[in-house]
Amino acid sequence: MAESIEIRNLYKIFGPRGAELVETVKGGITKAELNDRHHHVLGLKNINIAMPGGYITVVMGLSGSGKSTLIRHLNRLIEPTAGEVLVDGVDVCRMSPAELRAFRRTRTAMVFQKFALLPHRTVVENTAYGLGIQGIDRSTARIRAREWIERVGLAGFEDHYPHQLSGGMQQRVGLARALATDAGILLMDEAFSALDPLIRVDMQTMLLELQRDLKKTVVFITHDLDEALRLGDRIAILRDGEVVQQGTGQDIVLAPADAYISAFVSEVNRGRVLQAGSVMKPLEPPSPAPHGISVPADSVLEDAARQMLAAGVGVASVTDATGRPVGTIDMASIVTAMVTPVGDLPRPA
């Protein structure tokens with residue numbers, strides 16, 4: 001069973017007197033005031049996020065929002081000033097040095113923005129690196145590494161060196177290295193941000209395909225809302241070290257918490273986020289479902305519209321997870337939902 005992560009009341013204040021200043025921060029001092037008066041930097045303030053096992057949780061925000069600081073608390077590369085990071089109920093912050101080393105070696109793996117490949121090692125040697133740290137013998141490690149190299153689409157490049165690969169190929173090696181360790185938690189810090197747009201979309205697609213099979217607990221950091229909405233089962237948005245809003249992508253697009261979030265989502269392609277179930281007309285018994293095609297309630301509007309156009313119909317049934325008709329959707333409703341200003345969209349039930 002995939003490991004869950006729960007962050008509770010997490011604070012990080014950078015500076016020698018951080019622990020002394022937690023109560024000051026709780027009292028309402030701002031990030032700017034903390035820096036001006038006490039020469040300390042507020043990294044994280046009262047973070048509370050539940051990350052369910054087997055799903056992708058995206059943490060996003062602009063530069064300086066605290067997202068990279070947060071992900072480094074999950075494997076305790078950064079020590080918290082206060083709070084808890086629970087993995088399946090065990091506080092990582094209270095692990096002994098030996099427990100922490102074992103946790104990092106076997107239960108978590110990290111993929112970095114700048115690839116972090118060893119330049120003097122080949123693709124297969126880089127991929128097998130984490131397995132060597134785990135103490136797995138070289139022959140077995142290379143066999144497993146080759147399996148993951150093939151899985152990420154790099155078969156035939158096993159003996160190449162990083163400088164012989166494109167950026168996208170290097171990041172595939174980084175991903176293969178992380179997956180080869182069989183860790184249940186995958187931490188991805190701006191993993192695709194350094195890639196060209198088309199390669200970035202390709203990597204997102206590959207991650208989603210892998211996740212359907214592997215069902216890892218993935219924590220993905222990004223500053224790109226489109227990427228967050230495409231990848232995230234749940235999304236947490238940070239600003240100045242605080243969580244501004246969290247929920248599903250649909251929750252955030254339909255009900256932005258404030259003007260800051262509204263500005264983020266204003267240019268989003270809602271057809272790739274909103275689901276058929278959110279704009280359907282519920283069936284009212286004894287009204288029968290229309291004949292013709294049906295679309296699942298969790299289909300995004302773009303996919304529903306594509307199916308309806310291909311079938312040449314203007315109305316479709318909407319079905320729940322069991323296949324039972326629960327409503328209808330028409331092309332006019334789809335178009336309206338995709339172009340209506342955010343503040344005028346219907347709120348999710």
Side-chain angles (χ1 to χ4, degrees), residues 2-12 25-26 31 42-75 78 80 82-89 92 185-191 193 204 207-208 211 216-268 270 272-275 277-278 298 300 342-343 345-349:
E3 296 181 288
S4 63
I5 302 171
E6 186 175 1
I7 303 169
R8 295 181 183 172
N9 309 315
L10 188 67
Y11 288 80
K12 180 60 184 179
V25 171
K26 289 181 179 180
K31 183 174 183 176
L42 180 60
L44 299 172
K45 179 181 179 181
N46 197 28
I47 303 295
N48 290 274
I49 304 174
M51 302 177 174
Y55 294 91
I56 299 176
T57 298
V58 174
V59 180
M60 72 157 296
L62 301 178
S63 179
S65 63
K67 56 190 186 297
S68 290
T69 298
L70 177 59
I71 198 172
R72 282 165 170 75
H73 278 78
L74 302 185
N75 54 2
I78 293 177
E84 299 174 305
V85 177
L86 305 176
V87 176
D88 276 355
V92 175
I185 297 172
L186 188 61
L187 307 176
M188 306 185 70
D189 188 8
E190 297 270 14
S193 296
Q204 293 168 4
L207 176 61
L208 290 170
Q211 177 65 358
K216 302 281 188 183
T217 301
V218 181
V219 182
F220 192 100
I221 303 297
T222 184
H223 60 267
D224 186 313
L225 182 60
D226 285 325
E227 183 167 66
L229 292 169
R230 186 176 187 210
L231 296 179
D233 296 300
R234 292 188 62 80
I235 300 169
I237 301 178
L238 300 187
R239 183 184 188 188
D240 291 336
E242 296 184 71
V243 175
V244 183
Q245 187 171 3
Q246 57 184 309
T248 66
Q250 184 164 258
D251 292 337
I252 291 168
V253 170
L254 287 176
D258 58 19
Y260 180 75
I261 305 297
S262 293
F264 256 121
V265 304
S266 62
E267 301 301 322
V268 165
R270 296 178 211 135
R272 296 178 183 172
V273 180
L274 301 183
Q275 298 175 348
S278 68
D298 60 359
V300 296
V342 170
L345 286 168
R347 295 300 190 252

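All values reported here derive from a predicted model rather than from experimental measurement.
- Put simply, the side chain of K67 gets close to the backbone of G61: a donor and an acceptor are under 3.5 Å apart.
- Checking side-chain atoms of E227 against main-chain N and O of S193 turns up no donor-acceptor pair under 3.5 Å.
- With rounding to the nearest 0.5 angstrom, the CD1 atom of I49 is 11.0 Å from the CD atom of E6.
- With T217 contributing its side chain and E3 its backbone, the two residues share a donor-acceptor pair below 3.5 Å.
- Looking at L70, V244, T69 one by one, the single match for side-chain contact (heavy atoms from CB on, under 4.5 Å) with L238 turns out to be L70.
- Nearest heavy atoms, P80 versus L10: CB-CD1, 3.5 Å.
- Across M60 and L225, no two heavy atoms sit closer than the pair SD-CD1, 3.4 Å.
- Pairing each heavy atom of L254 with each of S278, the nearest pair is CD1-CB, 4.3 Å.
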Practice item. Kindly indicate, with the supporting measurements, whether the criterion side chain to side chain contact (heavy atoms under 4.5 Å, CB included) is fulfilled by Q246 and T57. Key: CA-CA 10 Å; Q246 57 184 309; T57 298; over 6 Å; no
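- The shortest side-chain heavy-atom distance between V59 and I71 does not fall under the 4.5 Å cut-off.
- Contact annotation: the side chain of L74 never approaches that of V92 to less than 4.5 Å [non-hydrogen atoms, C-beta and beyond].
- Residues L231 and Q204 have side chains in contact (heavy-atom distance under 4.5 Å, counting atoms from C-beta outward).
- At least one side-chain heavy atom of R230 sits less than 4.5 Å from a side-chain heavy atom of L208.
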Check your understanding: Is there a side chain to side chain contact (heavy atoms under 4.5 Å, CB included) between I56 and L186 once you walk through the steps?
Key -> CA-CA 9 Å; I56 299 176; L186 188 61; over 6 Å; no
Exercise for review: Start with the C-alpha gap between S4 and D88, add the side-chain angles, then the distance that decides, and say whether side chain to side chain contact (heavy atoms under 4.5 Å, CB included) holds.
Suggested key: CA-CA 5 Å; S4 63; D88 276 355; 3.4 Å; yes
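- Among I252, V253, L62, the single residue meeting the side-chain contact (heavy atoms from CB on, under 4.5 Å) criterion with F264 is L62.
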Review point. Should K26 and Y11 be marked as a side chain to side chain contact (heavy atoms under 4.5 Å, CB included) after you check the CA-CA gap, both sets of side-chain angles, and the distance that decides it?
Key: CA-CA 10 Å; K26 289 181 179 180; Y11 288 80; 3.3 Å; yes
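- Between I237 and I235 the shortest side-chain heavy-atom distance falls below 4.5 Å.
- Between the side chain of N48 and the backbone N or O of N9, at least one donor-acceptor pair lies under 3.5 Å.
- E242 and K31 are not joined by a salt bridge, as no carboxylate oxygen comes within less than 4.0 angstrom of a charged side-chain nitrogen.
- Between the CE atom in M51 and the CZ atom in R234 there is a gap of 10.5 Å [rounded to 0.5 Å].
- A donor-acceptor pair under 3.5 Å is formed between the side chain of D258 and the backbone N or O of I261.
- The distance from atom CG of L187 to atom CZ of F220, rounded to the nearest 0.5 Å, is 12.0 Å.
- Expressed to the nearest 0.5 Å, how far OG1 of T222 lies from CD of E190 amounts to 5.5 Å.
- Of the charged side-chain nitrogens involved, none lies within less than 4.0 Å of a carboxylate oxygen, so that K45 and D240 do not count as a salt-bridged pair.
- The line from NE2 of H73 to CD1 of I7 is 9.0 Å long, rounded to the nearest 0.5 Å.
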